[in-house]
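Quick caveat: nothing in here was measured; it's all calculated off a predicted structure. Only heavy atoms go into these numbers, but all of them, side chains included; no hydrogens, no water, no symmetry mates.
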Amino acid sequence: MGNARILIFTLACVSLHSVVKSLSHEPELGSARVVFQTSYGDIEFGFYPTVAPVTVEHIFKLVRLGGYNTNHFFRVDKGFVAQVADVPNGRSAPMNEEQKKVAYKTIPGEFSDVKHVRGILSMGRHDDPNSGGSSFSMLLGDAPHLDGKYAVFGKVTKGDETLRKLEEVPTRREGIFVMPTERITILSTYYYDTKMESCEEERTVLKRRLEASFLEVERQRMKCFP
């Protein structure tokens, strides 16, 4: 009887551990990183390609085309969101034809069970769930009321100190939006691949080792075959 109770308790613990693990599970980030260089500092973020592949490809394509350059954060609601304006209306520089083609495109809503917590990237949209364009939010706090209703597609990986600076910017309210009283400009953007960065480092190490090996071989050659 005692062994049976121990077995039941053990199974209950294992089951509870599995539930906690599944609840705390975070999607795997892809290797791409994007950096927004703003007037308040840099913000780096990565993507969840397995959670929202269409959204990720759309936003990343706009980044690669330079679509977010000269755009801005039109909304900063402390503890809630910092929202990037849609590209066609937010940029101060004109768009070329290729940028327009992508910027005016709408994509389907890719809703998931990933939670809206601080640092998460969440796609903006209108009432139509399939009306996502180029505006998205960076969460400044937990927002469970958005879960399953807005597409999560990535998260901030560096630059939380910049987000905290944005939260201190003076704001005004316009309807449901809390907006900064000054323009928070995305001065420029760039992207890189963490795998390539890793490979570059490995290539450098390998090059040094090869050079050291070459020198050692040359020493032995001079010693043995003068």
Problem set entry | salt bridge (Lys or Arg N to Asp or Glu O under 4.0 Å) involving Arg183 - partner list, sequence neighbours excluded | none

For this session: Flag the pair Tyr68 / Arg91 as yes when at least one side-chain heavy-atom distance between them is below 4.5 Å, and no otherwise.
Result: no

Exercise. Do Pro88 and Lys100 touch side chain to side chain, with heavy atoms closer than 4.5 Å?
Worked result: no

Exercise. Can you tell if the side chain of Phe80 reaches within under 4.5 Å of the side chain of Leu146, non-hydrogen atoms only?
Worked result: yes

For this session: Go through Leu187 and Phe36 one step at a time and tell me if the side-chain contact (heavy atoms from CB on, under 4.5 Å) criterion holds.
Result: CA-CA 8 Å; Leu187 303 169; Phe36 279 5; over 6 Å; no

Exercise. Looking only at atom types and distance, does a side-chain atom of Ser134 sit under 3.5 Å from a main-chain N or O of Val87, one as donor and one as acceptor?
Worked result: yes

For this session: For the residue pair Glu26 and Lys155, establish whether any side-chain heavy-atom pair is separated by less than 4.5 Å.
Result: yes

Problem set entry | Arg64 to Phe60 six-membered ring, cation-pi geometry met (6.0 Å, 45°) | yes

For this session: For Leu140 and Leu163, run side-chain contact (heavy atoms from CB on, under 4.5 Å): C-alpha distance rounded to whole Å, both residues' side-chain angles, the deciding distance at 0.1 Å, then the answer.
Result: CA-CA 7 Å; Leu140 300 176; Leu163 293 181; 3.9 Å; yes

Exercise. Between Asn96 (side chain) and Gln99 (backbone), is there a donor-acceptor pair under 3.5 Å?
Worked result: yes

Exercise. Any side-chain heavy atom of Ile59 sitting closer than 4.5 Å to one from Phe47?
Worked result: yes

Exercise. How would you list, by chain and number, every residue that makes a side chain to side chain donor-acceptor pair (under 3.5 Å) with Ser31, sequence neighbours excluded?
Worked result: Asp193

For this session: Using atom types as modelled and distance alone, determine if a side-chain donor or acceptor of Ser135 lies under 3.5 Å from a backbone N or O of Ala85.
Result: no

For this session: For residues Val76 and Met179, determine if any side-chain heavy atom of one lies less than 4.5 Å from a side-chain heavy atom of the other.
Result: no

For this session: Using salt bridge (Lys or Arg N to Asp or Glu O under 4.0 Å) as the criterion, list what pairs up with Lys78, not counting sequence neighbours.
Result: Glu168

Exercise. Any side-chain hydrogen bond (donor to acceptor under 3.5 Å, both in side chains) pairs touching residues 136-149, not counting sequence neighbours?
Worked result: His116-Asp147

Problem set entry | Leu139 and Val117, any side-chain heavy atoms less than 4.5 Å apart | no

Problem set entry | Sequence neighbours excluded - ring pair (Phe, Tyr, Trp, His ring centres under 6.0 Å) pairs with any residue from residues 146-185 | Phe74-Phe177, Phe136-Phe153

Exercise. Under 3.5 Å, side chain of Arg33 to main-chain N/O of Tyr191, donor-acceptor pair present?
Worked result: no

Problem set entry | Salt-bridge contact Glu167-Lys165 (side-chain N to carboxylate O under 4.0 Å) | no

For this session: Determine whether the side chains of Tyr192 and Glu44 contain a donor N or O and an acceptor N or O closer than 3.5 Å.
Result: yes

Problem set entry | Side-chain donor-acceptor contact under 3.5 Å, Thr50 with Glu28 | no

Exercise. With respect to Tyr48, which candidate in Leu29, Leu121, Thr55 satisfies the side chain to side chain contact (heavy atoms under 4.5 Å, CB included) definition?
Worked result: Leu29

Exercise. Can you name the side chain to side chain donor-acceptor pair (under 3.5 Å) partners of Ser188, sequence neighbours left out?
Worked result: Gln37

Exercise. Asn130 versus Ile107: any side-chain heavy-atom pair under 4.5 Å?
Worked result: no

